[in-house]
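What follows is one structure encoded as structure tokens, with my remarks underneath.
Just so you know, these numbers use all the heavy atoms, side chains as well, and skip hydrogens, waters and symmetry mates.
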Amino acid sequence: MPSLSTSLLLLGAAASQALAHSHLAHILVNGVLYNGFDPRPNIANFPNRVGWSSSNADDGYVGPAEYASAEIICHKSGAPPSAHAPVRAGEKVHIQWNGWPIGHVGPVLAYIAPCLNTADGCGSVSKTNLRWTKLDDSDPVLVPGEPGTWGSPAGKWATDVMIARNNSWQVEIPRGLKPGPYVLRHEIIALHFAKDKGGAQNYPVCMNLWVEAPVPAVPVPQPFKLDSFDARGFYKETDEGILIDVSTSLTGYVVPGPTVAPQARPVGHEQQQQMMSRADGTPVVVVRSTVTQKWTGGAVKRTEAPVVNKGRYFRG
């Protein structure tokens, strides 16, 4: 007979399955807001958004059967916008999800890829040409024995930390990263049904960044060495961290995918914090490979679909 905590975990997963989905609401850089993308029907997204578009109208996920396809890169039919959020190397990007269900435990991951050989930065980049470096694996993804948000018998998960920070996560842009256009890929892997093959749920979201040189510092940061991983080879459906029963007691969790780059500086669980926006940001567009100008296309307000049972995000 399953324990009470196991029953609650499974009940929560089942009850929220139809509502379990989420998307990139916005990002914040030093408190300045840049818009994500809402794939749900009847939503007018901001034209100056930095979040990639996708066709998952149900706010849904990418399953293991699509790990080798282009859908895993920046979600289903993912396509880049022309706008980029400016950020200095060494600064943190605050990634705000549009809620996250408490029963959907798993890792929170971050990758970055340069946009090469384009005249408009990441605006016309082919996603299959992007080569990725892992910046964060939310280690420790699981803290056995520590109570999580939903009373998981395994312990406290990285997603519990994210939920407690108002469904948000911070990623540091490497201090020695070469200036230029990049795609930042943030991903949550929900494991509530992962005991069955094909049951894991990947939620990758992408956003365009224009990385500027860091504020001069002593010592000067060493150049950041990028890896060159193809997202279509990140995971296999039989990986230890993909095919796993999270309704049982676990002693740890093996993070799937590449290892974090040695020079990356993931923001630890204790340093993760929620943030309120203090202003709307003006993104930039790339007009030549190394030249940008401020977005001048204007912005429109959009009407958000009701969010049910998902916890709202703060937008001050």
Side-chain angles (χ1 to χ4, degrees), residues 22 24-34 36 50-51 85-100 105-113 132-143 146 148-149 155-177 182-190 203-212 214-215 217 221-222 224-227 229 234 241 252-253 255-278 281 311 313-315:
S22 192
L24 176 66
H26 61 255
I27 65 172
L28 296 169
V29 179
N30 296 317
V32 177
L33 184 149
Y34 301 91
V50 301
V87 57
R88 287 189 179 275
E91 292 182 332
K92 295 179 179 66
V93 176
H94 184 99
I95 299 168
Q96 182 64 64
W97 288 76
N98 192 55
W100 190 253
V105 299
V108 182
L109 312 172
Y111 301 80
I112 199 165
W132 301 90
T133 301
K134 185 180 269 188
L135 299 182
D136 189 3
D137 62 2
S138 61
D139 183 61
V141 174
L142 171 65
V143 181
E146 188 171 331
T149 305
K156 183 178 181 179
W157 293 84
T159 43
D160 294 320
V161 176
M162 189 188 77
I163 291 169
R165 304 306 187 269
N166 195 41
N167 311 301
S168 66
W169 198 266
Q170 290 180 299
V171 176
E172 181 176 304
I173 303 305
R175 297 182 181 187
L177 192 63
Y182 292 84
V183 178
L184 180 62
R185 179 182 184 274
H186 206 232
E187 179 179 33
I188 306 171
I189 306 179
Y203 295 81
V205 294
C206 289
M207 60 219 78
N208 287 353
L209 303 179
W210 177 260
V211 175
E212 301 172 342
V215 174
Q222 292 294 313
F224 184 82
K225 187 179 186 307
L226 291 165
D227 291 321
F229 294 107
F234 280 172
Y253 176 78
V255 182
T259 57
V260 173
Q263 293 172 276
R265 293 163 50 98
V267 179
H269 290 192
E270 296 302 320
Q271 286 70 50
Q272 292 290 341
Q273 56 186 329
Q274 65 186 43
M275 182 181 295
M276 294 181 68
S277 66
R278 57 179 177 81
Y313 55 84
F314 293 115
R315 180 173 177 174

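- Separation of the Trp97 and Tyr203 ring centroids does not fall under the 6.0 Å cut-off.
- Shown here for Gly51 and Leu24, the closest heavy-atom pair between the two residues is CA-CD2, 4.1 Å.
- Side-chain atoms of Glu91 do not come within 3.5 Å of backbone N or O of Ile173 as any donor-acceptor pair.
- Annotation: the span from Asn98 atom CG to His26 atom NE2 amounts to 9.5 Å, rounded to 0.5 Å.
- Taking each heavy atom of Lys225 and Gln263 in turn, the nearest pair found is N-OE1, 2.8 Å.
- Looking at His269, its side chain does come within 3.5 Å of a backbone N or O of Ser138 through a donor-acceptor pair.
- Taking each heavy atom of Trp100 and Thr159 in turn, the nearest pair found is NE1-CG2, 3.8 Å.
- Here the CG-CG distance, from Leu109 to Asp136, works out to 7.5 Å after rounding to the nearest 0.5 Å.
- Closest approach of Gln170 and His94 over heavy atoms only: CG-ND1, 3.6 Å.
- Ring-centre distance between Tyr111 and Phe234: below the 6.0 Å cut-off.
- For the pair Arg165 (side chain) and Gln272 (backbone), a donor-acceptor distance under 3.5 Å is present.
- For Val260 against Leu135, the heavy-atom pair with the smallest separation is CG1-O, 3.7 Å.
- By the 30° and 60° cut-offs, the orientation of the rings of Trp169 relative to His186 is tilted.
- Here the side chain of Tyr253 pairs no donor or acceptor atom with the backbone of Pro140 at under 3.5 angstrom.
- Counting all heavy atoms, side chain and backbone alike, Gln96 lies closest to Ser168 at OE1-CB, 3.6 Å.
- The closest donor-acceptor contact from the side chain of Glu172 to the backbone of Ala264 lies at 3.5 Å or more, if one exists at all.
- The side-chain heavy atoms of Lys134 and Asp227, taken from C-beta on, include no pair separated by under 4.5 Å.
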